[in-house]
Amino acid sequence: MAKPRHIGVYPGTFDPITRGHLDIIERGLKLFDVLIVAVAESLSKAPLFEVDERLEMIGHEIKKYGNVRVESFDSLLMDYMRKKKATTVLRGLRVISDFEYEFQMALTNRKLDPGIETVFMMTAENYAPISSRFIKEIARLGGNLSAFVTPNVAKKLKEKYGLE
Ligand code: ADP
């Protein structure tokens with residue numbers, strides 16, 4: 001009998017995808033047969049980019065990997081996991097302050113579905129200070145984005161803020 005495929009899901013807002021997110025994807029893809037980057041609409045966060053724009057930016061970055069794909073989802077994460085037959089949620093940790101929120105979310109998800117595990121990966125320390133929120137502020141003020149995002153994402157940010 002064929003060995004079951006181990007599917008991981010890396011959910012987030014990715015508004016926009018940063019070098020920190022990409023670091024977690026690169027680390028995570030070694031753990032799973034397939035890694036799905038799952039883009040949440042996150043309307044409560046009033047995202048700068050539409051879901052389709054975020055999907056396109058992520059798609060551009062991950063096309064070099066054979067076992068990573070990107071999708072959007074608008075249901076409860078645990079329902080989406082079951083639909084995808086995914087076993088594990090992947091999340092990234094930057095700093096201690098991430099921990100409390102992530103811990104709460106992982107425990108809540110475990111209550112919703114005890115069969116699904118959450119794993120955390122730590123980013124490379126040079127990516128730890130990167131957050132989509134600060135990147136948008138730097139972009140808005142015309143700062144250099146190359147340490148934080150890829151050239152394609154930097155271009156999209158500049159276009160959004162009418163700087164290109
Ligand atoms: P969410 O709205 O779900 O928090 P984000 O796009 O902000 O979505 O983050 C998605 C995941 O990526 C979270 O687990 C977050 O901790 C992680 N993450 C964000 N930035 C970084 C980074 N610089 N390095 C490592 N992980 C990160």
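From a predicted model like this one, the values you see are computed outputs, not experimental measurements. Just so you know, ligand 1 is whichever comes first in the structure, and atom 1 is the first atom listed for that ligand.
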- For Ile24 and Met122, which heavy atoms make the closest approach, and how far apart are they? CD1-C, 4.2 Å
- Mutual orientation of the aromatic rings belonging to Phe99 and Phe103 [parallel < 30°, tilted 30-60°, perpendicular > 60°]: parallel
- Task: Answer yes or no for Arg133: is there a heavy-atom contact with ligand 1 below 4.0 Å?
- Result: no
- Among Pro129, Ser132, Gly92, Ala124, which residue places a heavy atom closest to atom 15 (C) of ligand 1? Gly92
- Heavy-atom distance to atom 3 (O) of ligand 1: which of Met105, Arg91, Glu125 wins? Arg91
- Task: Please state whether Glu102 comes within less than 4.0 angstrom of ligand 1, counting heavy atoms only.
- Result: yes
Please table the atom pairs, donor to acceptor, closer than 3.5 Å between any side-chain atom in residues 39-46 and protein atoms at least two apart or in another chain.
residue	atom	partner	partner atom	Å
Ser42	OG	Thr13	OG1	2.8

- Query: With atoms numbered from 1 as shown, which atoms in ligand 1 lie under 4.0 angstrom from a non-hydrogen atom of Phe14?
  - Reply: 6 (O)
- Task: Please list all pairs passing the salt bridge (charged side-chain N to carboxylate O under 4.0 Å, His left out) test where one or both residues lie in residues 103-119, with sequence neighbours left out.
- Result: Arg82-Asp113, Arg110-Glu117
- Query: If you measure from atom 2 (O) of ligand 1 to every heavy atom of Met121, Met122, Arg94, Lys45, which option wins on shortest distance?
  - Reply: Lys45
- So CZ of Phe14 and CG of Leu55: to nearest 0.5 Å the spacing works out to 10.5 Å
- Separation between CD1 of Ile138 and CD1 of Ile130, rounded to the nearest 0.5 Å: 9.0 Å
- Side chains of Asp23 and Thr123, donor plus acceptor under 3.5 Å: yes
- Does at least one non-hydrogen atom of Asp23 fall below 4.0 angstrom from an atom of ligand 1? no
- Message: Quiz question: by atom type and distance under 3.5 Å, do the side chains of Asn152 and Thr150 form a donor-acceptor pair?
- Response: no
- To the nearest 0.1 Å, how far is atom 12 (O) of ligand 1 from its closest protein heavy atom, and which atom is that? Tyr10 OH, 2.7 Å
- Going by distance only, is there an N or O of Asp15 that falls short of 3.5 Å from an N or O of ligand 1? no
- Query: Does ligand 1 have an atom that lies less than 4.0 angstrom from a heavy atom of Phe120?
  - Reply: no
- Message: Show the atoms of ligand 1 that are less than 4.0 angstrom away from any heavy atom in Ile130.
- Response: 20 (N), 22 (C), 23 (N)
- From Glu61 CD over to Lys63 NZ, what is the distance, rounded to the nearest 0.5 angstrom? 7.5 Å
- Message: As an exercise, identify every atom of ligand 1 less than 4.0 angstrom from a heavy atom of Gly12.
- Response: 3 (O), 8 (O), 10 (C)
- Taking only heavy atoms of Gly20, which atoms of ligand 1 are found under 4.0 Å from at least one of them? 22 (C), 23 (N), 24 (N), 25 (C)
- Under the side chain to side chain contact (heavy atoms under 4.5 Å, CB included) rule, what do Val149 and Lys156 come out as? Steps first, then yes or no, please. CA-CA 10 Å; Val149 295; Lys156 302 279 180 209; over 6 Å; no
- Message: Is there a polar contact, in the sense of an N or O pair closer than 3.5 Å, between Ser131 and ligand 1?
- Response: no
- Is any NZ, NE, NH1 or NH2 atom of the basic residue among Glu137 and Arg133 found under 4.0 Å from an Asp or Glu carboxylate oxygen of the other? no
- Return yes or no for this condition: an N or O of Thr18 is under 3.5 Å from an N or O of ligand 1. no
- Message: Show me which atoms of ligand 1 lie under 4.0 Å from any heavy atom of Thr123.
- Response: 24 (N), 25 (C)
- Item | Asp79/Lys83 salt bridge by N-O under 4.0 Å criterion | no
- Item | Which residue and heavy atom of the protein sit nearest atom 26 (N) of ligand 1, plus the separation | Ile24 CG1, 3.5 Å
- Item | Any N/O pair His21/ligand 1 closer than 3.5 Å | yes
- Quick one: look up the protein heavy atom nearest atom 8 (O) of ligand 1 and list residue, atom name and how far away it is. Thr13 N, 2.9 Å
